[in-house]
Amino acid sequence: MSEVLKIDNVGRFFGDGDTRLDILKGAEFSMRKGEMVGLVAPSGTGKSTLLHLAGLLERPDTGNVYVNGRDCGALPDGERTTIRRSEIGFVYQFHHLLPEFSAAENVMMPQMIAGLGRHEARERAGQLLDYMRVGHRAEHRPAELSGGEQQRVAIARAVANAPLILLADEPTGNLDPVTAHYVFDALEALVRQSGLAAMIATHNHELAARMDRRVTLEEGRIVEL
Ligand SMILES: Nc1ncnc2c1ncn2[C@@H]1O[C@H](COP(=O)(O)OP(=O)(O)OP(=O)(O)O)[C@@H](O)[C@H]1O
């Protein structure tokens, strides 16, 4: 299995002087294709910060982030954006779907931005929505969907461009326990079937137990549980 994400001696701090907060200090982590890793750590320890660094949304203050073997630290913003769009999918606690577009259009959008034609994008959107068992809602707008359905559409959108890495920040945090399990089942099946590598921040220990590995954050370091 090949390494798709590597966090190498990464440091990230906010503020300076007396108010400086060292959120990550010499953090080390790597993830291989097909791996599902649970990120379980108390609030405020840096889970979102780590996901933003891994997803090339922020740059570390020290150290390097490698995506599929490529050192992304030295790259200009434009190249980082290209890698992010093609190799990385994000799912957030709140779905962030575009309200004025249908579920299908939300899943088509990233594909069309990547250059795919409307017809192909619609076909893949249909397949992904079917796979997430929300195909019957393809023409509905987000506001017409339940929370669990919205989150399944958001997951379909995150993987629309067949990324290597899926980063999820509390993807089921906003759902009741039964719906959370249902959404997680679909997410897990998708990860297993596609060979994606997924890092999923969650406070739900039961869901974390179903992943291949669990890590936490301790004093700015990433520690295996
Ligand atoms: N841009 C910023 N400027 C200053 N401080 C920040 C910034 N971003 C994050 N922090 C601080 O860094 C710490 C880690 O934040 P982060 O959002 O990564 O935590 P988290 O583990 O995801 O928390 P939660 O589970 O509550 O979402 C917090 O103390 C936060 O206030």
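As the structure is a prediction and not an experimental result, all values here were calculated from the model. Indexing begins at 1, ligand by ligand and atom by atom, following the structure's order.
Among all heavy-atom pairs drawn from Tyr131 and Ala189, the shortest one is OH-O, 3.3 Å.
The protein heavy atom nearest to atom 31 (O) of ligand 1 is Leu21 CD1, 4.9 Å. Of the protein's non-hydrogen atoms, Thr49 OG1, 3.8 Å is the one closest to atom 15 (O) of ligand 1. Looking only at protein heavy atoms, the nearest one to atom 19 (O) of ligand 1 is Gly46 N, 3.4 Å. Given atom 25 (O) of ligand 1, the protein heavy atom at minimum distance is Lys47 NZ, 2.7 Å. Residue, atom and distance of the protein heavy atom nearest to atom 11 (C) of ligand 1 are Phe14 CD1, 4.0 Å. The protein non-hydrogen atom at the shortest distance from atom 26 (O) of ligand 1 is Ser43 OG, 2.5 Å. For atom 27 (O) of ligand 1, the closest heavy atom belonging to the protein is Ser48 OG, 4.0 Å. Counting protein heavy atoms only, atom 14 (C) of ligand 1 is closest to Gly44 O, 3.3 Å.
Distance alone, capped at 3.5 Å, places no donor-acceptor pair between the Arg214 side chain and the Leu225 backbone. A donor-acceptor distance shorter than 3.5 angstrom exists from the side chain of Thr62 to the backbone of Gly11, with no hydrogens or angles considered. The closest donor-acceptor contact from the side chain of Arg124 to the backbone of Ala160 lies under 3.5 Å.
Distance remark: protein heavy atom present below 4.0 angstrom from atom 17 (O) of ligand 1. Distances from atom 4 (C) of ligand 1 to the protein include at least one heavy-atom value under 4.0 Å.
Only the side chain of His203 comes within 4.0 Å of ligand 1, counting heavy atoms alone; its backbone N, CA, C and O stay farther away. Of all the heavy atoms of Ile23, the ones lying under 4.0 Å from any atom of ligand 1 belong exclusively to the side chain.
Residues Arg157 and His95 form no side-chain contact, since every pair of their non-hydrogen atoms from C-beta on lies 4.5 Å or further apart.
Tested against Arg70 for a salt bridge (Lys or Arg N to Asp or Glu O under 4.0 Å), the candidates Glu87, Glu3, Glu79 yield a single pass: Glu79.
Rounding to the nearest 0.5 Å places CD of Glu58 at 9.5 Å from CZ of Arg80.
More than 12 heavy atoms of other residues, nucleotides or ligands sit less than 6.0 Å from atom CZ of Arg59.
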